[in-house]
Amino acid sequence: MASTANLRSRRSIAQLHALAGVEREIRAQDSHSSRKYLREFNEAFRSYDSLLDSEAIRNALHAADVVLIGDYHALPGAQRYAASLLEQRALTGDRPVVLGIETIFARDQHILDEWWRREIDEAELRQRIRFDLDWGYDWSPFYELLVAARDHGEAIYGLDCMPRENLRKIGARDRHAAAKIAEIRQRHSNAVILVLFGESHLAPGHLPRVLQKQMPGAKILTVLQNIDALYWRAAGERVDKVDAVRVNDDVVCVFNATPLEKYESYRLCLDQWSRCDTGPDFAPTIYNLIDSLAAFLEINRYSPHNGTQPKFLVDMLPEVHGNPSDAVLRRLLSRKGISEQQLEAMLVNVEERGSAYLPQLNAFCIRQFQMMHAAEDATRFLHHACRGLPQRLNGQIVNGDEISDSTPALTTDAFYTRVVEHAVAYFGSLVLYPSRPARAADDSASLSRAACEKAAQAAVRGDEDRFESLARDWGYRIGSRIYTTYLAGKVKPGGLRRLFLAHLDQPGLARKVCTAVIARLRATSRR
């Protein structure tokens, strides 16, 4: 059984490497991180009392009069989690729910009221509250929260005041917000008040203390989201995934994103603000994920030879196309002889996942950054690069100009190649994004050479969709088991690097690799 320290290290090593690069870039652009107010927040929550499950969170929520929800503004999941809490609390039906938000100035309450009464539409609300000029983060998740509050709540109130940019006045903003919340309490005496406010305001000596003085009899619960120190500490727990922890009687912390996901979201916002008239530059984000996974696997990006290292990985980094149109993608792919059916499948993939790695182009196409899919696709690139670019893909010879056959061969070799590719990609996504939802556990008997061979035979007799579906299912199952074995300390990054470097285009090798991995996993499981 792995120790707590070993579990924490294995779950965190790749993320920590990736975070170092992101934090350096953020510090270079954001000079506020060293301010006393922010230091007080960062130092306030270093440990927790116990783990919490979803029922315990519901009970804590049910007992509170005011719920202060920490918001990491750049992370859409933070606002969406607030919306889910609001809906969850409202559906209980015992008390009405009121929402208070930092995002809208209290001075603009009349505009918010007009939208509440459906006198103005979404576009006019966004323009009149100067959302993009005064706030500048992602509109969609915030608007989803407003809609949830209008559908399930009794009222919405803006809580903030100027100046937002001056941290020397931030205490005054806390006092202003506390006074507004107290007014809401008087106006809606029986309601539960949910407040979404920037996380740094929720240190014990900041907004919570001021609010407790304003409302001495109220039960106030602070719900933090994804606090770094608590996340890294929870990574050492002997459970697959920690959903939440109790910091003390009045404070809980939920985990719905990783620190890497948080700070990459913020870096993208900083980049977008600096450009003003253009979309975010996704390339540094993708390259950081690739670099972090390479460091985890102990890969030298500047190695001049193939073998135990890919040759000059630094020269194989993919192009990154941010927000490409369908027309642009069609032009790029048509030059490589992609069939219309494959082209449509790739476009759907980009639309559904937000991004995709296209090995035919050695390129990423990104329309929306989603950490889980970006991590998986970064791993796919590294796997292809370790095997050498250009290379054979799905039975097709990829050279510098074209693909020799636009129809992938549905052969046993191709099936096992795809299984290994999916296994490696799924494993890498878990290394970079341990919060990826776990797959249902497979018993040892189901993960066998005979069962995989049976799936291969079924795949080659089916059509392309059936072929890909079976290969993905088996690959994800194997990748999940590899990650579990890694967490247990039974396989090291150096051994995993050999899996990345296996030249699967050699006839019969993919099957040998796949069956060897299955045998190793079964033997490890028995031990």
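Along the sequence shown, residues are numbered consecutively beginning with 1.
Checked against side chain to side chain contact (heavy atoms under 4.5 Å, CB included), T412 has the following partners two or more places apart in sequence or in another chain: Y416, A456, Q457, V460, R511.
Separation of atoms OH (Y433) and NE2 (H373) is listed at 9.5 Å; rounding is to 0.5 Å. The line from CZ of R267 to CG of L260 is 10.5 Å long, rounded to the nearest 0.5 Å. L224 CG to L230 CG: the interatomic distance, rounded to the nearest 0.5 Å, is 7.5 Å. Between the CZ atom of R301 and the CG atom of L317 there is a distance of 8.0 Å, given to the nearest 0.5 Å. L297 CG to L382 CG: the interatomic distance, rounded to the nearest 0.5 Å, is 6.0 Å.
No side-chain donor from either of N362 and E319 sits under 3.5 Å from a side-chain acceptor of the other. For the residue pair Y231/Q15, the side-chain donor-acceptor check at 3.5 Å is satisfied. With no hydrogens or angles considered, no side-chain donor-acceptor pair links Q225 and Y81 at under 3.5 Å. A side-chain donor from one of E468 and H422 sits under 3.5 Å from a side-chain acceptor of the other. Judged by distance alone, the side chains of N288 and E264 do bring a donor and an acceptor atom under 3.5 Å apart. Residues R449 and T515 bring no donor and acceptor atom of their side chains to less than 3.5 Å of each other.
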- Any chance you could lay out the salt bridge (Lys or Arg N to Asp or Glu O under 4.0 Å) test for E376 and R380, step after step, and finish with the verdict? CA-CA 6 Å; E376 181 174 331; R380 292 186 187 281; 2.6 Å; yes
- Query: Where do Y426 and Y483 land on the ring pair (Phe, Tyr, Trp, His ring centres under 6.0 Å) test, with the steps shown first?
  - Reply: CA-CA 9 Å; Y426 193 81; Y483 183 69; 8.7 Å; no
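In terms of heavy atoms, N226 sits closest to C253 at N-SG, 3.8 Å. Among all heavy-atom pairs drawn from W474 and A455, the shortest one is NE1-CB, 3.3 Å. Closest approach of L432 and A375 over heavy atoms only: CB-CB, 3.9 Å.
Using a cutoff of 4.0 Å between basic side-chain nitrogens and carboxylate oxygens, E298 and K492 are not scored as salt-bridged. Between D505 and R387 there is no salt bridge, since no side-chain N of the basic residue sits under 4.0 Å from a carboxylate O of the acidic one.
F131 has its ring centre less than 6.0 Å from the ring centre of F142. Taking the six-membered ring for Trp, Y137 and Y72 have ring centres at least 6.0 Å apart.
Remark: D53 CG is packed, more than 12 non-hydrogen atoms of other residues, nucleotides or ligands lying under 6.0 Å away. By the neighbour-count criterion of 12 heavy atoms within 6.0 Å, atom NZ of K454 is sparsely surrounded, having that number or fewer from other residues, nucleotides or ligands.
F364 does not carry R353 over the face of its six-membered ring by the limits of under 6.0 Å from the centre and within 45° of the normal.
The aromatic rings of H384 and Y357 are tilted relative to each other, their planes meeting at an angle between 30° and 60°.
Residue pairs that meet the ring pair (Phe, Tyr, Trp, His ring centres under 6.0 Å) test with at least one member in residues 487-513, sequence neighbours left out, are H383-F500.
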